[in-house]
Structure formats: structure tokens, C-alpha cells
2 protein chains.
Amino acid sequence: MADTRSKLLEGAMRTIRSHGIAGASARTVAAAAGVNQALVFYHFGNLDTLLTEACLVATRARVEVYREELAKVNSLRELLDLGRSLHEEERALGNVAVLAQLLAGAQNETALTEPIREALGLWVAEIEAVLTRVMAKTPLGDLADAAGLARAVSAAFIGLELFEGVDPAGANAALNALDQLGALVEVVEDLGPVARRALRAKLRKR
Amino acid sequence: MADTRSKLLEGAMRTIRSHGIAGASARTVAAAAGVNQALVFYHFGNLDTLLTEACLVATRARVEVYREELAKVNSLRELLDLGRSLHEEERALGNVAVLAQLLAGAQNETALTEPIREALGLWVAEIEAVLTRVMAKTPLGDLADAAGLARAVSAAFIGLELFEGVDPAGANAALNALDQLGALVEVVEDLGPVARRALRAKLRKR
DNA sequence: GTCTATAACGAGATAGAC
DNA sequence: GTCTATCTCGTTATAGAC
């Protein structure tokens, strides 16, 4: 059986998933973990530390799982497809939801800012690495900024997660639209050398 | 001077802006409004109703402001540029932040779901209308889904807003990257008839 | 419509026994 | 390391005077 610390981390995740950050108190988390309320403060000092630690541990675990799948990606189209299934898996597990809840909480609670930036950074770093790799093969390679794109993609993921909470059908339509847009990127990837040069010239003009 | 109802709506906005939804209690909102705490319940019944009403009123006002500017947009590039300045203005005013906070709260509080979906819908409808109009002029017109795209864009905006709260530099990099990506769209818009047909064929294959 | 007062409760956190 | 008991505070919401 798990030790108290792990039980509390697990309890924190479960509580945020089902009741949001607003419903996560030392009492509710301890109850979900099946341990005494005072142990939150014994093991973590305060509630915020427990919540952020839980988020970090869980995010590290999930990023680890996806690292090898991301390493197999060889085109932007494949990345888009993996992104969609990743979104659906994480949505079902409620992991991104926890990140989103803490991110919202971090806007006005400075104690959360740093740890949540770090958790977000784990995803960003992974996405940036893959983007850099696959973009090198396209005409966009030396013109678009993989670092910035990785951050845009991460932010969009969080936003979509929250959007889905109030309008699942709308979120689905959004994902389908992005799929279609992906076809555009595919076209660019398959461009012949002549068209490639034309595109580069256009892009440089900006 | 404004009546109590308006003062409370204004107080709710200010409180959520500066302290998030977690810091918005009947007492803090009433204090920000300069009125008695009990009046929250007299005028709105409960706190959630006040918060969602405030968000709806504010969103309606902002959408109204941007409607005429959006009507002037004639290309995806112009829309992208307007989007960026809109993001910066709303960020400074803290309006999108309120929407994001309530959206996060709505994930686990069913009383918030419907009103927030409605507020979000105000932006979505506006963006969808513009997208439909400008996309009709491009080769994407009859292939990409304006409704889905509008939802994706809205979700991404919310996500970016939250991202900016913990990593402003990263959010800025994300916006710059989207700007560069916009150039790609511009290229598509300027495609000659031959390339246009080639693109359409490619897109239809998917 | 607005106020005071208060009921009823849950919150974070700590002291101290075991 | 874990427990009970408790302090102190803020919370929603209502009753009732004005």
C-alpha cells in the first residue's frame, strides 16, 4: 500500500479533477486520500504546496509516457494526429484539467505561479523538440519559430480543454477544423523545389 | 451615480480581475462595490448569478465595441493583426481574464456552465461571421469549416490569456510565431489560379 | 432598498497526546 | 507519523429593524 505522502498527492489529483481548485481544501483532499486532515500540513506545510506538487508529479509521469510516441513523429501531419489522440486521452484521464485549474488559480496566487510554469514547461519543452525536428524538413524550418509555436500549441490545448468543459460539441468542431487546416500544412510539406523557393521568397518579404 | 445593481456588477468585475474567482466572495465583491454585503443576495439571489451576470454584461459591451472593427476586416492577415491588438487591449482591461476565470470555475460548477457558454458564444459568433466572410475569398472557402475554426480561435485566445499569467515572455513568443504562420496563410490567399486548383485537389484528397 | 446582527458552517493551521 | 481537539477567521445566507 502507498505511503501517506503518495496518498495525499493522489487525493489532491482526484479532488481537483472532480471538484476543481475551488473545491480542493485540506479537508476534502485528505478525505479523498483517506487520511487525517492535519497530515496535509505535516507533509507539505500548506495546501498550495500539496496541490502544485501533485500537478508536477502527475505531469512528469504523463510527459514520460508520451516521450517515446513523440519521438516517432516524422511530419507535421503525424504530430497533428498524435496531438488529437493525446488530447482525448488526457481529457479522459483528467490530467490536463488539473493543469488548467491550477493555471487559472495561478493568475492571482503568486505561490502557484512558479510551480505551474514549470509543469507547463514540461509539455512545452517536449513539443518544442518535436516541432524543431519535423519543421527542419519543411520550407518553414528556418523561418517559423519552433519555440514560439510550441508555446502557442500548449496554450491552445489548455484553452480547448476548458472550452470543452462548457461546450463539448464546439470543442469537437474546433478539433475537426484544425484537422482540415492541417491539410494545408501537408501541402506545404509536399511542395516541389520551385514552389518551395517561391514560398520562401514570400515569407522573407514580411 | 450608478445604482446598486450596477455597482455590484462593476465590483464583481474588479474583484475577479484582481483576485480571481477564488477570491470573489459576496463580501469582497460588495466591498469593491462599496455597498453592503447583504445586497448581493437581495439583488441577485446568490453569488454565482452576480458573477455570471457581470461577465455577460461586460462581454456584450466589449463585443459591441469590436463589431465595427471586425466588419472592416477583408483578409485573414488583417484579421490576424486585429486579433493581436484585440488580445492586447482586452488583456490590459482584464476582460478576457474574467471570462477565463469563470470558464475555469464552470468546469465543476454547473450553475456557471450555461451563462459562461453564452458569454463565450458572443465572441465565437462574431469571429465566425468574419471568418466566413473572408474565407469565402480564398481557396479555403468551401473546404475549411469557419464554425469550427472560430471555436478553435476562441479557445486558443483563452488559453493564451492564462498562459500569459504565468509566462508573459512565452506568450509573446507564441503570438509572434502565430504572426509568422499567418504569412503562410497570406501566401495561400495570393495563389494564382493554377496553384489554387492544385491546392484544392490536394485538400479534397483528405 | 438598505442596514445590523446572527445563524450555521467550512476553511487553514497549530498544539499536544500518543 | 498520526491522531483529536481547538483556535480563529471568512464564508453564504437569512431575519428583522429601519
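Both backbone and side-chain heavy atoms feed into the values below; hydrogens, waters and symmetry mates do not. Numbered from 1 within each chain, the chains take letters A, B, ... in sequence-line order.
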Legend entry - Nearest listed nucleotide, side chain of A:A38, among D:dT2, D:dA13, C:dA15: C:dA15

Legend entry - Check: A:T110/A:T113 side-chain N/O donor and acceptor closer than 3.5 Å: no

Legend entry - salt bridge (charged side-chain N to carboxylate O under 4.0 Å, His left out) against B:R67, all qualifying residues, sequence neighbours excluded: B:E64, B:E126

Legend entry - Whole angstrom value for the distance that separates C1' of C:dA11 from NE2 of A:H19: 16 Å

Legend entry - Nucleotide nearest B:Y42 (side chain, heavy atoms from C-beta), chosen from C:dG1, C:dA11, D:dT11: C:dG1

Legend entry - Interatomic distance where CZ belongs to A:R5 and C1' belongs to D:dT2 [whole Å]: 16 Å

Legend entry - Shortest side-chain distance from B:N36, nucleotide among C:dA13, C:dC3, D:dT11: C:dC3

Legend entry - Exceeds 12 heavy-atom contacts within 6.0 angstrom, atom NE2 of B:H19: no

Inset, instruction - Would you mind reading off the distance between A:Q37 atom CD and D:dA5 atom P, rounded to a whole angstrom? - result: 13 Å

Legend entry - Residue-phosphate contact under 4.0 Å: B:S25 side-chain N/O, D:dG10 OP1/OP2: no

Inset, instruction - To the nearest Å, give me how far apart CG (B:L39) and C1' (D:dA15) are. - result: 15 Å

Inset, instruction - Can you figure out which of D:dG1, C:dA13, C:dT2 approaches the side chain of A:H43 most closely? - result: D:dG1

Legend entry - Rounded distance in Å - CG (B:L47) to P (D:dA13): 7 Å

Inset, instruction - Return yes if some donor-acceptor pair links the side-chain N/O of A:K7 with the main-chain N/O of A:A32 below 3.5 Å, else return no. - result: no

Inset, instruction - Output the single nucleotide from C:dG12, D:dC3, D:dA13 whose closest atom is nearest the side chain of B:F41. - result: D:dA13

